[in-house]
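Start at 1 and go down the list; that is how both ligands and their atoms are numbered.
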Amino acid sequence: MSSKIEDLLVIQDRDRRINRLEREIEDLPQRQRLIEAQLDAHKKALHDAEEDIRKKGLEQKDLESQIEQRQERIRKFRQQQFEVKNNDDYKAFEKQIAAQQKEIVALEERQLEIMEALEQLDEVCDTKRAALKEEEVVVAADLEQFKARGDNLQKELEEVKADRMKLAETIDPDWLSRYDRLFSHFKDFAVVPVENQACGGCHMKLPPQVTHDARQLDSMTLCMYCGRLLYYIP
Ligand SMILES: [Zn+2]
């Protein structure tokens, strides 16, 4: 038959596993959300770039019609120029035509800038689209794994809990209730070894008598500083 301390150490092992499993299960949704948020950020970046392309396309069309307007004006000015009688009027039209041509040059320069920007944006979008496609596959696999991991952890948790319940039935109720109080307070260790004449929980130095008492694995020895159950196996 095992000692009461040894029984409690088994229970403690199960309780620590239960805590670890519960923490891991709690962390899963957070980790999942991080991955999803990253994917969403990449989708948004692509969408913004596509929106930029659309806007530049509209600007391009607008420039086109502005250039046509000016060309139309030049045509009209030239017709009127044919009909003028004196040199001054002729020169005045020449000046107006030159002004329109100057504007056209500026508009065409802007057109060229947009064309170059669009070329770059198209390339960026293609790269982003390809990366996103790959990322979506990876994320889908990751999420699948998270789900499987969650299911496994849940199953393991239930098994450990059932095992713990069965073990608890075999333990002295006085010891178990003291242990339970200590474990729910400290959440890590309720039963600790004496190490170098000190409590393995709070690390305070213990009197020789306590170390000696802790060898008795079937009688309760408590740390006078933290209250944890002590045991000592030389
Ligand atoms: Zn202690």
Side-chain angles (χ1 to χ4, degrees), residues 1-42 135 138-234:
M1 235 187 88
S2 55
S3 66
K4 287 174 175 155
I5 284 286
E6 283 168 311
D7 289 345
L8 283 185
L9 284 172
V10 177
I11 288 269
Q12 179 167 269
D13 169 73
R14 300 301 183 273
D15 281 340
R16 288 174 51 75
R17 269 170 66 188
I18 288 168
N19 277 358
R20 257 201 322 270
L21 288 165
E22 283 177 342
R23 264 204 311 274
E24 214 178 321
I25 289 168
E26 268 173 36
D27 284 350
L28 279 178
Q30 171 74 9
R31 286 168 60 196
Q32 195 171 319
R33 274 195 296 277
L34 276 177
I35 291 178
E36 285 170 334
Q38 203 174 32
L39 180 66
D40 284 346
H42 292 162
E135 193 184 353
V138 173
V139 167
D142 280 352
L143 292 182
E144 193 86 4
Q145 263 190 347
F146 272 123
K147 168 134 186 25
R149 178 95 188 109
D151 290 348
N152 284 340
L153 288 171
Q154 197 60 46
K155 199 169 149 245
E156 197 183 336
L157 178 63
E158 275 156 29
E159 281 167 6
V160 179
K161 275 184 171 172
D163 186 35
R164 199 267 187 211
M165 218 146 77
K166 237 167 60 192
L167 288 164
E169 285 167 12
T170 66
I171 289 178
D172 182 313
D174 287 344
W175 282 65
L176 185 63
S177 70
R178 180 171 291 272
Y179 161 86
D180 279 341
R181 274 202 306 279
L182 284 169
F183 190 84
S184 66
H185 175 68
F186 289 112
K187 299 196 166 49
D188 54 1
F189 290 100
V191 189
V192 292
V194 175
E195 287 166 336
N196 303 318
Q197 281 94 55
C199 164
C202 67
H203 307 294
M204 294 292 284
K205 203 86 180 156
L206 299 164
Q209 185 59 44
V210 177
T211 306
H212 181 265
D213 292 347
R215 287 174 184 231
Q216 300 302 314
L217 301 185
D218 277 317
S219 72
M220 237 183 247
T221 309
L222 303 174
C223 170
M224 62 262 275
Y225 304 107
C226 69
R228 286 182 176 91
L229 275 158
L230 294 168
Y231 68 93
Y232 181 53
I233 301 170

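Listed for the Gln197 side chain is no donor-acceptor partner under 3.5 Å among the backbone atoms of Thr211. Judged by distance alone, with hydrogens and angles left aside, the side-chain atoms of Asn196 form no donor-acceptor pair with the main-chain N or O of Ala198 at under 3.5 Å. Listed for the Asp218 side chain is no donor-acceptor partner under 3.5 Å among the backbone atoms of Ser3.
The Zn ion (ligand 1) has Cys199 SG, Cys202 SG, Cys223 SG, Cys226 SG as protein N, O or S atoms under 2.8 Å away.
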Enumerate, atom names and distances included, each donor-acceptor pair closer than 3.5 Å involving a side-chain atom of residues 220-234, sequence neighbours excluded.
{"unit_1": "Thr221", "atom_1": "OG1", "unit_2": "Asp213", "atom_2": "O", "d": "3.3"}
{"unit_1": "Arg228", "atom_1": "NE", "unit_2": "Phe189", "atom_2": "O", "d": "2.8"}

Name each donor-acceptor pair under 3.5 Å that joins a side chain in residues 21-33 to protein atoms two or more places apart or in another chain, with its distance.
{"unit_1": "Glu22", "atom_1": "OE2", "unit_2": "Lys161", "atom_2": "NZ", "d": "3.4"}
{"unit_1": "Glu24", "atom_1": "OE1", "unit_2": "Arg149", "atom_2": "NH2", "d": "3.4"}
{"unit_1": "Glu24", "atom_1": "OE2", "unit_2": "Arg149", "atom_2": "NE", "d": "3.2"}
{"unit_1": "Glu24", "atom_1": "OE2", "unit_2": "Arg149", "atom_2": "NH2", "d": "2.5"}
{"unit_1": "Gln30", "atom_1": "OE1", "unit_2": "Arg33", "atom_2": "NH2", "d": "3.4"}

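Gln216 pairs by the side chain to side chain contact (heavy atoms under 4.5 Å, CB included) definition with Ser219, not counting sequence neighbours.
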